[in-house]
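Below you'll find the structure, written out as structure tokens, and then a few comments.
Atoms within a ligand are numbered from 1 in the order they appear, just like the ligands themselves.
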Amino acid sequence: MSKKPRILVLNGPNLNMLGVREPAIYGSLTLSAIEALCAQTADEVGLSIDFRQSNHEGELVTWIQEVITKSFDGIVINAAAYTHTSVAIMDALKMTDVPIVEVHISNIFTREAFRHHSYVSPVATGVICGFGAEGYKLALRALASKIIQ
Ligand code: DQA
């Protein structure tokens with residue numbers, strides 16, 4: 001059997017606090033529960049995932065660089081607040097040549113104006129927002145249909 005395509009699933013600052021963080025906006029699932037959902041979905045669609053979270057911009061940049069050095073086949077990224085501020089994350093994503101799905105748990109366009117701009121969207125293949133944790137599953141399914149012919 002050939003090797004499963006490898007997807008790097010990245011989560012930015014404060015997402016480690018899901019479950020207790022503003023549940024009315026982000027829901028009640030913890031990040032570990034979302035990781036389990038992702039693992040199950042990846043299994044169903046024939047992908048393998050490496051699921052990570054960091055509160056540090058530079059660490060996220062270093063991990064995105066691993067897409068090149070360690071040959072990942074796709075990226076799912078919820079850059080959280082760095083979505084709206086980070087040229088460094090945008091530049092790192094630009095270096096890769098794999099499909100990228102930007103995910104947000106909340107619908108950023110129904111929220112404060114500063115959340116309406118994303119540095120990730122211009123370099124992403126597609127964007128999913130507003131579907132809660134389900135967005136991660138949709139993102140993995142979208143990547144599978146792009147990567148697996
Ligand atoms: C978020 C939306 C961002 O605006 C916010 O800073 C986050 C989470 C989301 O998943 O809805 O931390 O990316």
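In this structure, Tyr26 contributes its side chain and Val20 its backbone to no donor-acceptor pair below 3.5 Å. A donor-acceptor pair under 3.5 Å is formed between the side chain of His116 and the backbone N or O of Arg111. Not a single donor-acceptor pair under 3.5 Å links the side chain of Ser121 to the backbone N or O of Ser118. In terms of modelled atom types and a separation under 3.5 Å, the side chain of Asn16 and the main chain of Ser54 share no donor-acceptor contact.
Closest to atom 3 (C) of ligand 1 among all protein heavy atoms lies His84 NE2, 3.5 Å. Among protein heavy atoms, atom 5 (C) of ligand 1 sits closest to Arg115 NH1, 3.3 Å. The protein non-hydrogen atom at the shortest distance from atom 9 (C) of ligand 1 is Ile105 N, 3.3 Å. Here the protein heavy atom with the shortest distance to atom 1 (C) of ligand 1 is His104 ND1, 3.7 Å.
For the pair Ala81 and ligand 1, the shortest N or O to N or O distance falls below 3.5 Å.
Nearest-residue assignment for atom 11 (O) of ligand 1 (options Pro13, Gly130, Ser106, Ala79; heavy-atom criterion): Ser106. Comparing heavy-atom distances from atom 13 (O) of ligand 1 across Val120, Asn78, Asn107, Thr85 singles out Asn78 as nearest.
Contacts with ligand 1 closer than 4.0 Å are made by no heavy atom of Val103, backbone or side chain. Under 4.0 Å from ligand 1, the heavy atoms of Arg21 that appear belong solely to its side chain.
Across Leu29 and Leu18, no two heavy atoms sit closer than the pair O-CB, 3.4 Å.
A salt bridge between Lys146 and Asp73 is absent, with no side-chain N of the basic residue lying under 4.0 Å from a carboxylate O of the acidic one.
By the 30° and 60° cut-offs, the orientation of the rings of Phe114 relative to His84 is perpendicular.
Taking a 4.0 Å cut-off on heavy atoms, Thr83 fails to register as neighbouring ligand 1. Using a 4.0 Å heavy-atom cutoff, Glu112 is absent from the residues neighbouring ligand 1.
Of the residues listed (Ile49, Ile105, Ile128), the one engaging Tyr136 in a side-chain contact (heavy atoms from CB on, under 4.5 Å) is Ile105, and it is the only one.
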